[in-house]
Every structure is written in C-alpha cells, then in structure tokens.
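All chains are named by letter (A, B, ...) in the order of the sequence lines, taking the proteins before the strands, and each is independently numbered beginning at 1.
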There are 2 protein chains.
Amino acid sequence: MANSGSEPLVQADNEIRGHLPEPPNDNDLASRLLVSQVASKLRDMIIQDHLKPGTRIRERQLSELLNVSRTPLREAIRILVSERLVHSLPNRGAVVASPNMQEVRQLLEVLGTLEALGGQLAAEFASNERIEEILALHHEMLSAFYRKDKLAYFKLNQAIHKSIVAAGGNGVLVDTHAQLNARLYRIRYISNQRDDRWHEAVAQHEQIADALKARDAARLTTLMRDHIGHTWVKVNSVEA
Amino acid sequence: MANSGSEPLVQADNEIRGHLPEPPNDNDLASRLLVSQVASKLRDMIIQDHLKPGTRIRERQLSELLNVSRTPLREAIRILVSERLVHSLPNRGAVVASPNMQEVRQLLEVLGTLEALGGQLAAEFASNERIEEILALHHEMLSAFYRKDKLAYFKLNQAIHKSIVAAGGNGVLVDTHAQLNARLYRIRYISNQRDDRWHEAVAQHEQIADALKARDAARLTTLMRDHIGHTWVKVNSVEA
DNA sequence: TCGACTCGTTTGGCATACAATTTTTAACGA
DNA sequence: TCGTTAAAAATTGTATGCCAAACGAGTCGA
C-alpha cells in the first residue's frame, strides 16, 4: 500500500463547480483491493465532473495525484473503459467519455426499459417494507421540492429510482441499471440544475408513488418509461 | 509484443468437448492492444468452456500459456471481472464465474426486456434491407432445423437475435445485450444440445419473422419477451 | 480429534526498463 | 508570417524482478 495512514487518496478539490453529490459506492466483495478503490475514485471524479469529459488521462500524473503506482491505476482504467466511462485510444491512453446527444438518447431509451421492468417487478414482488421505504423517500423528495433544494431533490430522485429498481429483487437488473445510469449521472445533474419543469417531474413521481402503493404493475411500468421520456426532454432542452 | 510472428496466442485445444462455435469478436478500436486481445481470448475460452466455471485463474501459469506477461493479463482479467465473466476473490485471484439458476433467471429476465425493446425498435426503424437480411438468416435457421444440424441452428439463432437487436439502431442496447448474452452463451449452448423442444422455438421464430416482416412493433415486442421465457424453460429443465 | 504453527505458493502492488508511438519543440524555408 | 520538416521530449504498452501479505496444506503436539 502506497497510501499509508488515513490521508485521503486525493487532495480535496476546492474549485468544484457545482459541488456534485457523491455517487453511490457499491460495496464490492473485492473493494479492499486497491484497484477497486482507485476505480471508484476515478468513477467519482468523472461522475462529479472533477475529471471533465474529453480530459486526457495521463497515467503518471494521475498516479502521483492518487498516490498509487501505475499498475493499479492502469487496471482501474481498464475497468472504466469497459464501463464506457472513458475511451481508450491506442498508444494515446484514455480520455474521459462525453456522451453526445444520440448516445444520451440511446442510454435513456434502454434505461427507460430497464426502469419499466424494475417498476413492474417492484409492484409485483417488493415487500411492504421496501415499498414504504420508497414512499418515505418520495415524501422526502417532495419536501426538498417545496424547499426548492435542488441538490437534495436530485439525490433523492436518484435514490428513489435506484430503490425501485432494487425492490424488484433482480440483481442483474440493478447492476445493469447502475452501470448505464453512471454514464448519465453528470449530464443529469447539470440538466437538473437548470430545469424549469420541476412540476411535471414531481407530478409524475406522485403517480409513480401511487401506482407503487397500489401495486399496479402495469401502470407503474408505463409510468416509469414515460418518466424517462421527460428526462430526455429536460436534457435535450438544456443541451440543444 | 511477446507474441512475435503468426503463431497463435494459444495452442489448439484438441480435447474440446462440444466444440463450441467461436463467439462474435467485436472489432474494438483498441483491439490492436495486447490487453484487448488477451481479454478477447479469455472471453472466448470462458464462453467456449475451455476455461470451465469455477476454474481458478493462475496468473503466471496462464500468462505462460498465452505467451504474454502478467501485466496485460492482469488488466484483461479486470475487464472480465467488470463484465462479470469471472469473480475476483481478494488475495486469491479470479475464478471463472458460473451463474446459478437464480442468476440465469435474472439474466434472462433482463435480456427478454432488452430484446423486446430491440424488436420494437427494429420493427419501427430498421431498413428494409436489414429486415430482409434477418429473414434470410431465419430461413437459413429453418434449413438447419430440418437438417437437424444443432450447431448451425444455434449459431444462426444467436445471429438472428443479435441482428434484431442491432437493427433497432441503438448502440447502447446492442452493447448491453451483448454483454449480458455473453454470460449465458455457454449455458445456452449446453441446453441447446439437449433440447427436445425445437418445434416450439422454431414456431416462435416463425411468428417473430412474420411480425418483423409486417413491422408489427407491438406484437414483436411481446413475442421477443415470450421467446426468452421459452429459453428459461429449456435451460431450467436441463439444469434441474 | 483438534488446534496452532510452519512453509510453500499465489496474489497485490511497486519500481524500473525499454521499445514504439505520439506530441512538442525547434529549426528551416517559402 | 506561415507551413513544413526534423529532432527532442513525453507517454504509453509491455516485460520483468521484487517483496509483503494472504492463503492453504501439511505437520506437529496436546
């Protein structure tokens, strides 16, 4: 371990623009491995925009910053490449991926389908406790909405979607959803900040909560899919 | 390059059990990198059952077998870990993953949803040429069926599903589908060999072909999803 | 029988070396 | 001034050796 003691892997970045919230860290079995830690750190840096899209990743420089050697860093980069969070250019290393509009649309299309499935499964199989937890998150989110606390709203929104998918009990679905979602995290955060259609989204969440409470699988399925469509409108209007 | 000249990365394995067909090799941009080649090789070895589930991957031994050093091999292993084709046990390396019944079911559930989406998109947006290509594959598959050529049938079946998904024009969907499908390739091949329900599957494929030809998106969507259900029955009956 | 210890093997990680390639810099000429 | 070419520097890709920590199989003793 090159990283002795309790000092953090990376110096605190005082110039964070939007101060993106920390994304979810999956408690991997192998997370004690340095590679996993570095991969998580990189993932966070990309997702939180500390490593901006298009940035070329210089191995030595970054390995010094992270206080690890090139070996685990390179292995971590390979992981992110296979997660499509960075691109690999032969002999020119890796650059942080920046999905274009077409790719965002495709991601949302797939995500919508996955969330629809998640909603269906959740309505059918989730325990009552699970559902109540989600409803609790929903009301927290409403609270954030009325407080106009965009950051809290964003985080709770993410948590709700993740929870619904998780409530379906399909681990493969959870993983796949998480991986695709990571590629949109940053762009969603940005579009969330400037969104002037909060009401619509909140209204949709109300319906989602109702359908979940009623365990109306069919309705929840279509609601989840349509809800993603709204996201596309948001993102598209910002980026266009 | 440790692998000079034209000799293959791995000696031909003369003791292949079922002689699984070579899986699709995606022409990655970075495929000239040794890491990518090794990863592909490993993927093939796992998918084709040359590396059996549960096998522990010994780095030095395997690096000698593949004629590469540990460095690219380890990076390749990380890639497969993130693809869930191998598990990583901290300090004990990696073992070839063997999905249990629950995981297979979850994989099929997600795959079914993705293929349903693929079918819908294909029916809506595919070019006529694309559709005709798929129909051609379909008839080839019928031919293999009547010849009782299980291997050809299997390969054509895979090709058809892949083509339908690809015809939708959603690259993210294609990638996601391929990744999940890889985890089922081996188990599907095995169950295909002992399947005594060919007729049902072929009948379903007939319907799928019809729906595609008619560009009936709604019908194709449900057909694709139900078709996967049939796969589950097949796999489950074999494994149970 | 069972627990503690030893020892060999393997992985995880670091450092270094070096060829191939890319990028940067500098020099040059129109 | 601007573009082009050549030399120099930097970076990646791969190999290799090294070492500490972890694990597993025996071994030994109670």
Query raised in the report: Can a donor-acceptor pair be found between the side chains of A/Ser82 and B/Ser82 at a distance below 3.5 Å?
Result: yes
Report summary line: Winner on side-chain proximity to A/Leu33, out of D/dG13, D/dT12, C/dG13, is C/dG13
Query raised in the report: Should A/Arg183 and A/Glu83 count as side-chain neighbours, where that means a heavy-atom distance under 4.5 Å?
Result: no
Requested in this report: Examine D/dT14: is either OP1 or OP2 under 4.0 Å from a nitrogen or oxygen in the side chain of B/Thr71? Give yes or no.
Outcome: no
Report task. Please confirm whether any donor atom in the side chain of B/Arg92 sits under 3.5 Å from an acceptor in the base of C/dG12, or the reverse. Result -> no
Query raised in the report: Does OP1 or OP2 of D/dG13 have a side-chain N or O of A/Arg74 closer than 4.0 Å?
Result: yes
Report task. Assign each of A/Glu59 and B/Pro72 to its nearest nucleotide of DNA chain D by heavy atoms, then name whichever residue's nucleotide is nearer the 5' end. Result -> A/Glu59
Query - Atom-pair distance (CG on B/Leu66; C1' on D/dA15), nearest Å - result: 15 Å
Report task. Tell me what B/Leu73 touches on the nucleic acid: a base, only sugar-phosphate, or nothing, going by heavy atoms under 4.0 Å. Result -> nothing
Query raised in the report: When the distance from CD of A/Glu64 to P of C/dA15 is rounded to whole Å, what number comes out?
Result: 11 Å
Report task. Specify the separation, in whole Å, of atom CG of B/Asn91 and atom C1' of D/dA21. Result -> 7 Å
Report task. Start with the C-alpha distance between A/His161 and A/His177, add both sets of side-chain angles, then the distance that settles ring-ring contact (aromatic ring centres under 6.0 Å, His included), and finish with yes or no. Result -> CA-CA 10 Å; A/His161 283 265; A/His177 177 266; 7.5 Å; no
Requested in this report: Could you please name the option among C/dT11, D/dT11, D/dA22 that lies closest to any side-chain atom of B/Arg56?
Outcome: C/dT11
Query raised in the report: Strictly by modelled atom types, are A/Asn181 and A/Arg188 linked by a side-chain donor-acceptor pair under 3.5 Å?
Result: yes
Report summary line: In whole angstroms, the gap separating P of D/dA22 from CG of A/Leu34 amounts to 14 Å
Query raised in the report: Which nucleotide, C/dC14, D/dA22, D/dT12, lies nearest any side-chain atom of A/Arg60?
Result: D/dT12
Query raised in the report: B/Leu89 CG to D/dG24 C1': how many Å, rounded?
Result: 14 Å
**Report entry** Check: A/Arg70 side chain, D/dG13 base, donor-acceptor under 3.5 Å
**Finding:** yes
Query raised in the report: When we call it a touch if two heavy atoms are under 4.0 Å apart, what does B/Arg58 touch: a base, just sugar-phosphate, or nothing?
Result: sugar-phosphate
Query raised in the report: How are the rings of A/Phe154 and A/Tyr185 set to each other: parallel, tilted or perpendicular (split at 30° and 60°)?
Result: perpendicular
